[in-house]
Amino acid sequence: MGKNLTTIRGRILELVKTQDFEVSKFFNEIGESYESFKGNKLTISPKADILVKIRTKIPNANLDWILTGKGDMLSLSLIHISEPTRLRR
């Protein structure tokens, strides 16, 4: 496993690099700086709202992989959750 993939921020950086995003622009759009994903800052865990923003921009991002490094980087399928329906009596 590469050095960057041993931290949550490192895995996020790797995920963003594999997508069709300009890296610095992506981080700016989610309210983070690209600088916070380099060097010693890689060891600082991101706040939950950053994970939510990443999942919004990359819906098939596997949060288990981001948090633990286990599994695939991307989920194989997306589950669509619709508004609850009322059961008829």
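Worth knowing before you read on, the calculation uses all heavy atoms, side chains too, and leaves out hydrogens, waters and symmetry mates.
- Considering CG of L42 and CZ of R11, their distance stands at 11.0 Å, rounded to 0.5 Å.
- Residues L5 and I12 share a single hydrophobic cluster, defined by chaining ILVMFWY side chains whose heavy atoms lie under 4.5 Å apart.
- The distance from the OG atom of S75 to the CD1 atom of I58 is 11.5 Å, given to the nearest 0.5 Å.
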_Stepwise side chain to side chain contact (heavy atoms under 4.5 Å, CB included) test for N62 and M73_ = CA-CA 6 Å; N62 182 348; M73 180 186 296; over 6 Å; no

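- I66 contributes atom CD1, which lies 11.5 Å from atom CD1 of I50 (distance to the nearest 0.5 angstrom).
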*asked:* Determine whether E32 and R9 satisfy the following criterion, salt bridge (Lys or Arg N to Asp or Glu O under 4.0 Å), listing intermediate values before the conclusion.
replied: CA-CA 11 Å; E32 285 282 309; R9 283 186 184 264; 3.3 Å; yes

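- Counting only heavy atoms from C-beta outward, the side chains of I8 and T68 never approach each other to under 4.5 Å.
- Neither L63 nor V52 shares a network with the other; the hydrophobic side chains, linked directly or stepwise wherever heavy atoms of I, L, V, M, F, W or Y lie under 4.5 Å apart, form separate groups for each.
- Between the CZ atom of F21 and the CD1 atom of I30 there is a distance of 10.0 Å, given to the nearest 0.5 Å.
- Residue K38 places its NZ atom among more than 12 non-hydrogen atoms of other residues, nucleotides or ligands, all under 6.0 Å distant.
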*Would E29 and K57 count as a salt bridge (Lys or Arg N to Asp or Glu O under 4.0 Å) if you check the C-alpha gap in whole Å, the side-chain angles of each, and the deciding distance to 0.1 Å?*
CA-CA 9 Å; E29 288 176 1; K57 295 199 66 71; 2.8 Å; yes

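- The CD atom of Q19 lies 8.5 Å from the CZ atom of F26; values are rounded to the nearest 0.5 Å.
- The minimum heavy-atom distance between V23 and L13, with the atom names listed, is CG1-CD1, 4.0 Å.
- The closest side-chain heavy-atom distance from K70 to W65 is not below 4.5 Å.
- Connection of L74 to L51 is established within a shared hydrophobic cluster, with ILVMFWY side chains joined at heavy-atom distances below 4.5 Å, either directly or through further cluster members.
- Separating the OG1 atom in T7 from the CD atom in E14 is a distance of 11.0 Å, to the nearest 0.5 Å.
- Taking the side chain as every heavy atom from C-beta outward, F27 and V16 approach each other to under 4.5 Å.
- No side-chain heavy atom of N28 sits less than 4.5 Å from a side-chain heavy atom of S33.
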